[in-house]
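The structure appears below as structure tokens.
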Amino acid sequence: MTTLLCDHADEAVAGTGDGSTVLVGGFGMAGMPVDLIDALIRQGAKDLTVVSNNAGNGDTGLAALLAKGRVRKVICSFPRQADSWVFDDLYRAGRIELEVVPQGNLAERMRAAGAGIGAFFCPTGVGTLLTEGKETREIDGRTHVLEYPIKGDVALIGAHRADRMGNLVYRRTARNFGPVMATAATTVIAQVREIVETGAIDPETVVTPGIYVDRVVKEADPA
């Protein structure tokens, strides 16, 4: 597989279809691929299911996508924060669906998708509203609940550096969900700070191998 180096974020997100499940990296704004999200807004895909750690901050990035009415459902760990007013208003108005998933389960469900695991049992959330109606099993004297993988049609992730083959390295906490999302989606699109020549990244430091990455675009310079 050859990674496509895109000249612009609009080129990178081209072809994203209506009704797609889109995995969006970031923990708050750390690692949030804002250029790709803005391009997705311009691209016009609608009726999306967005999987992310939270449901947007302020009025930019993921919150801007929600504000455009393009998202049908959010699957996340932290839907409410001090600056999640866009999601709050949509949810209270009944204009968006929500599935809350404990953070570790969220990461593991995407990791399972990338690893080809059909389902797994986990004790997190047992006895709460989050696991009502789900299959349970006693394992080693403890109740576990059956969880299924989360697969994406598209993953939008932010990384620090890529080489021309799409190998990625991340910067500190901006790494967050990027690596597991890159394994769990059909099309993986990475926004990076810089693109270097193949061989310029020490192979021992590569976090996401280029075999998982379909498109790479350098983020826009600050205005």
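- Proximity of P79 to N54: side-chain heavy atoms (C-beta onward) are nowhere separated by under 4.5 Å.
- In this structure, V100 is a member of the same hydrophobic cluster as L48, with clusters built from ILVMFWY side-chain heavy atoms closer than 4.5 Å.
- What you find for I150 and A184 is that their closest heavy atoms are O-CB, 3.9 Å.
- Residues A67 and V86 come closest through the heavy atom pair N-CG1, 3.7 Å.
- Taking CD1 of I157 as the reference point, atom CE of M181 lies at 9.0 Å (rounded to 0.5 Å).
- Placement of F87 and L40 within a single hydrophobic cluster is found when ILVMFWY residues are connected by side-chain heavy-atom separations under 4.5 Å, directly or transitively.
- By the side-chain hydrogen bond (donor to acceptor under 3.5 Å, both in side chains) test, T128 pairs with no residue at all, sequence neighbours left out.
- Rounded to the nearest 0.5 Å, atoms CH2 (W85) and CZ (R92) are 13.0 Å apart.
- Pairing each heavy atom of N53 with each of C76, the nearest pair is O-CB, 3.6 Å.
- The NE2 atom of H160 sits 14.0 Å away from atom CZ of R175, with the distance rounded to the nearest 0.5 Å.
- In this structure the side chain of V216 never reaches within 4.5 angstrom of the side chain of L4, judged on heavy atoms.
- With sequence neighbours left out, the side-chain hydrogen bond (donor to acceptor under 3.5 Å, both in side chains) criterion links Q43 to no other residue.
- No donor-acceptor pair closer than 3.5 Å links the side chain of R164 to the backbone N or O of I195.
- Residue pairs meeting the salt bridge (charged side-chain N to carboxylate O under 4.0 Å, His left out) criterion with at least one partner in residues 111-122, sequence neighbours excluded, are E108-R111.
- Side-chain atoms of S77 come within 3.5 Å of backbone N or O of V101 as a donor-acceptor pair.
- Between atom CG of residue L66 and atom CZ of residue R95 there is a gap of 10.5 Å, rounded to the nearest 0.5 Å.
- Taking Ile, Leu, Val, Met, Phe, Trp and Tyr as hydrophobic and joining them when side-chain heavy atoms fall under 4.5 Å apart, one finds V206 in a cluster with V169, V196, I201.
- Checking side-chain atoms of R215 against main-chain N and O of A12 turns up a donor-acceptor pair under 3.5 Å.
- Listed here is the closest heavy atom pair of A162 and L168: CB-CD2, 3.5 Å.
- Under the ring-ring contact (aromatic ring centres under 6.0 Å, His included) criterion, F177 pairs with no residue, sequence neighbours left out.
- Note that the CD1 atom of I211 and the CE atom of M165 stand 9.5 Å from one another [nearest 0.5 Å].
- A salt bridge links E147 and K134; the closest N-O separation between the charged side-chain nitrogens and carboxylate oxygens is under 4.0 Å.
- One hydrophobic cluster, built from ILVMFWY side chains closer than 4.5 Å, cannot hold both L62 and V51; they sit in different ones.
- Residue V126 is found in a hydrophobic cluster whose other members, listed by chain and number, are V145; membership requires side-chain heavy atoms under 4.5 Å apart, directly or through intermediates.
- The backbone N or O of V188 lies less than 3.5 Å from a partner atom in the side chain of D214, making a donor-acceptor pair.
- Sequence neighbours left out, the pairs with a member in residues 148-162 that pass salt bridge (charged side-chain N to carboxylate O under 4.0 Å, His left out) are R161-E194.
- Side-chain contact check for R142 versus D140: every heavy-atom pair is 4.5 Å or farther apart.
- Applying the 4.5 Å side-chain rule to ILVMFWY residues, one finds F121, I139, L146 in the same cluster as Y148.
- Screening residues 178-192 for side chain to side chain donor-acceptor pair (under 3.5 Å) gives Q191-E219 as the qualifying pairs, with residues at least two apart or on separate chains.
- Applying salt bridge (charged side-chain N to carboxylate O under 4.0 Å, His left out) to D47 and the options R70, K73, R72 leaves one that passes, R72.
- Ion pair E99/R109 flagged as a salt bridge, since at least one NZ, NE, NH1 or NH2 atom sits closer than 4.0 Å to an Asp/Glu carboxylate oxygen.
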Anything under 3.5 Å between a donor and an acceptor, one on a side chain of residues 20-36, the other on a protein residue two or more places apart or in another chain? List them.
from: S20; atom 1: OG; to: G17; atom 2: N; distance (Å): 3.4
from: S20; atom 1: OG; to: G17; atom 2: O; distance (Å): 2.6
from: D35; atom 1: OD2; to: A220; atom 2: N; distance (Å): 2.7

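- For the salt bridge (charged side-chain N to carboxylate O under 4.0 Å, His left out) condition, the pairs that include at least one residue of residues 36-45, sequence neighbours left out, are D10-R42.
- Of the possible polar contacts, one joining the N167 side chain to the G210 backbone as a donor-acceptor pair under 3.5 Å is found.
- Residues that satisfy the side-chain hydrogen bond (donor to acceptor under 3.5 Å, both in side chains) test with E197, not counting sequence neighbours, are absent from this structure.
- Under a hydrophobic-cluster definition in which Ile, Leu, Val, Met, Phe, Trp and Tyr are linked whenever side-chain heavy atoms come within less than 4.5 Å, directly or via other members, M110 and V154 are assigned to different clusters.
- Shown here for A63 and G58, the closest heavy-atom pair between the two residues is CB-O, 3.2 Å.
- Annotation: Y91, atom OH; neighbour count of heavy atoms from other residues, nucleotides and ligands within 6.0 Å does not exceed 12.
- V50 and I189 fall within a single hydrophobic cluster, where Ile, Leu, Val, Met, Phe, Trp and Tyr are joined by side-chain heavy atoms under 4.5 Å apart, directly or via other members.
- For the pair T16 and A45, the tightest heavy-atom approach, listed with the atom from each and the gap, is O-CB, 3.6 Å.
- Taking OG1 of T205 as the reference point, atom OH of Y170 lies at 12.0 Å (rounded to 0.5 Å).
- Not a single donor-acceptor pair under 3.5 Å links the side chain of T136 to the backbone N or O of H144.
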